[in-house]
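Here is the structure we will look at.
Order of the sequence lines fixes the chain letters, A, B, ..., with proteins taken first and strands second; residue numbering starts at 1 for each chain.
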2 protein chains.
Amino acid sequence: MSDFHQAPHKLLVIPGPIEFSDPVLAANATPGTAHTSPAFIPVFGETLSLLRDVLLSTKESGSQPLLIAGSGTLGWDAVAANLIEQGEEAVVLNTGYFSDSFADLEAYGAKVIQVKAEIGNIPTDEAIISALASKPKLLTITHVDTSTGVLSPADHIASLVKKHSPSTLIALDAVCSVASEEIRFDDWGLDVVLSATQKGLGVPPGLSVVLASKRAVETVEKRKTPIPAYYVSWKKWIPIMQNYESGKPSYFATPPVQLVYALHTSLKSITSAPMADRFKAHKAASAYVKDSLAELGLEFVPKSRDIAANGMTAVRFPKGLKAPDVLPKLAERNIVVAAGLHKAIVSEYFRIGHMGITAVDRQRGDLEKVVKSIKEVLGKA
Amino acid sequence: MSDFHQAPHKLLVIPGPIEFSDPVLAANATPGTAHTSPAFIPVFGETLSLLRDVLLSTKESGSQPLLIAGSGTLGWDAVAANLIEQGEEAVVLNTGYFSDSFADLEAYGAKVIQVKAEIGNIPTDEAIISALASKPKLLTITHVDTSTGVLSPADHIASLVKKHSPSTLIALDAVCSVASEEIRFDDWGLDVVLSATQKGLGVPPGLSVVLASKRAVETVEKRKTPIPAYYVSWKKWIPIMQNYESGKPSYFATPPVQLVYALHTSLKSITSAPMADRFKAHKAASAYVKDSLAELGLEFVPKSRDIAANGMTAVRFPKGLKAPDVLPKLAERNIVVAAGLHKAIVSEYFRIGHMGITAVDRQRGDLEKVVKSIKEVLGKA
């Protein structure tokens, strides 16, 4: 399998799924393997442990990784069903489309309090502090809102929570930030990071990725009412994950074996260099894209560079142009970018992803191709 | 990619995951592709439609396929969360380990009434009819209980429901039976078939596979209370699936693109011959395995051949032998079978899977190898 080469294809530079490496795709084509196989168990176990490394957490902290077949969205169900009991308050810091979805978690009985920011901006400290006055059970942050490219200052927000309502659990929606933006799980005192595989982690979609703090695990153990869900019940999954991590087979539902092999391959590659280097590479890639687009006179959805994601860029079309004028012409040049997603401005902007090998392995020349093609399409080559 | 050959590996003959074909694994290594790509949309759409073909259902019947990232277990959450409202009754026909899990669906508010069979047997008609007296909202059948290899007569049970409580919805847990046992969705009047990809469908694990009847869809539309879940909400997913099937992109959560390509490849292959031929091939494979083991004097977990699955065999060890005497010696011969799973008899039996290419492509010689190796290990070669 070491000579596996993926088929020729258009360059995928949307904010996820992203380009996958040949070794990752080869791992996704692992032959039929039992989920209880002596070959697979240590791979699953090490994958869980590597996930902590990527999030700068340690086993000693008591943090618990959970890898469950599902989309990133499934992590929201897990947070709501496991950590919140009927009628408890959850503050949702709303920076766009994906925070809107979080608010839907009232399905599981949460009382949701929204703190909305303007499109392209983050909530003010005052608004956050005010929302913490009622000592909510949980506060959720969308680290990078994939619809707007806004990067929330998760460390700063976490410090506000620690100061003004230390009992509040902090859940970070890091679907579009794990392995592309700095996340220091232990240092920042996060309680849940929830993510998916198809973005910064560079693995095909289909795995829900979660890291829960010791405090989050204890919150589940101390619940007064049963967990109002089955498949996402951490009471079911935590013993399974602990067994795999200590090398023992265990069964609740069949894990997506091939995706776990693929994630293992990617995590081994990601952790072969310090995480700080990886974040620096994503910042450099982002600066290259944003500087190049700014030179063309283009403007960005995030209000300022310091709240713009490093793994993606949400950029406004020049006056008079819309998606049908630009995206098909990029596709003709074998470049796939993403249209707008946030309803209020959907036709005004497009999105470019620069995560994973596209950002880290600059010898591929992906971003140079993207910038060159955009220049051509806008008639500025 | 047409020259893709999977790595050499042990023959996987457990009741799922199973052996996968080279084209299916190659499809699972499809390069990064957007879930909204013009290349992917028709593939996803056709995959949904082919699923109806496999279950002998037609679009005209109003049946609705749903393919969602997750394990087979996720389908149970979907059934409980979408079809049952707080306090409504669900009759669970319990034939083993996997029916026990169904009973856990009280998490979503169902009142569960269990109709238990002895290990290796199916519930009596009298017990089923008696449980239908209260006109429950739902009745669940485990088609093949993977823990015991018992095949429930789903068509007969469905006919009992139609006669004694026609308003009761019928959900078939077909995780271990889709594409290996006959299922006639429309003819039998089923309301939900729930399954997964890694068994008879011959695709790596990670996709929850559901077909819902028009009546089931209407039940969701007519709910009096909100669906107490988010990720498995069919109100969220049905419009997405309908859009994909009519060739339009749509977003709720990122579908597992590579797994959908793999499933599409497998379904195209499965539906290239009449389904009746495929069921016949599985019956022949099953008869070969069971006859060969019976010749060795071995006994089976199911009480009789007519309630034994055609896609797997649960066989008792000869007196005095246990799993550690047999399974490692089969593994040395590159044959992977599964240990017992049902707690009450866990050490007394093992399980052999014969689904998918192992059953249909007999030129591979998989089952001859399995029988030969079992003979050697039992000293009866």
**Asked** Where on B:Asn28 is there a heavy atom nearer than 4.5 Å to chain A: the side chain, the backbone, both, or neither?
**Response** both
**Item:** Toward chain A, the part of B:Ile227 with a non-hydrogen atom under 4.5 Å
**Value:** backbone
Counting only heavy atoms from other residues, nucleotides and ligands, does the tally under 6.0 Å from [atom1] of [X] exceed 12?
| X | atom1 | value |
| --- | --- | --- |
| B:Lys343 | NZ | no |
| A:Lys369 | NZ | yes |
| A:Lys111 | NZ | no |

Between atom [atom1] of [X] and atom [atom2] of [Y], what is the distance when rounded to the nearest 0.5 Å?
| X | Y | atom1 | atom2 | answer |
| --- | --- | --- | --- | --- |
| A:Thr73 | B:Tyr230 | OG1 | OH | 6.0 Å |
| A:Thr30 | B:Gln6 | OG1 | CD | 10.0 Å |
| B:Gln198 | A:His35 | CD | NE2 | 8.0 Å |

**Message:** Which heavy atom of A:Pro31 sits nearest to which heavy atom of B:Phe20, and what is that distance?
**Reply:** C-CD1, 4.5 Å
**Complete:** Nearest heavy-atom approach of B:Phe4 to A:Ala29 is CZ-CB, 3.6 Å
**Prompt:** So which bits of residues 248-256 of chain B come within less than 4.5 Å of chain A, counting non-hydrogen atoms only?
**Reply:** B:Tyr251, B:Phe252, B:Ala253, B:Thr254, B:Pro255, B:Pro256
Largest heavy-atom contact set with chain B, pairs under 4.5 Å, which of [options]:
| options | result |
| --- | --- |
| A:Leu12, A:Val257, A:Thr36 | A:Leu12 |
| A:Gly16, A:Ala34, A:Pro226, A:Ala262 | A:Ala34 |
| A:Thr33, A:Val24, A:Leu259 | A:Thr33 |

**Asked** Can you pull the salt bridge (Lys or Arg N to Asp or Glu O under 4.0 Å) pairs that have at least one residue in residues 14-34 of chain B, sequence neighbours excluded?
**Response** B:Glu19-B:Arg364
**Prompt:** Within a strict 4.5 Å, meaning less than it, do heavy atoms of the B:Tyr231 and A:Tyr231 side chains meet?
**Reply:** no
Side-chain donor-acceptor contacts of residues 201-210 of chain B below 3.5 Å, not counting sequence neighbours, with atom names and distances?
none

**Per-residue contact mode, A:Ile18 against chain B (heavy atom under 4.5 angstrom)** = backbone
**Prompt:** Using non-hydrogen atoms only, which part of A:Lys199 is less than 4.5 Å away from chain B: side chain, backbone, both, or neither?
**Reply:** neither
**Asked** Which one of B:Pro8, B:Ala80, B:Ala196, B:Pro228 has the most heavy-atom pairs closer than 4.5 Å to chain A?
**Response** B:Pro228
**Item:** side-chain contact (heavy atoms from CB on, under 4.5 Å) involving A:Ala39 - partner list, sequence neighbours excluded
**Value:** A:Ser37, A:Tyr261
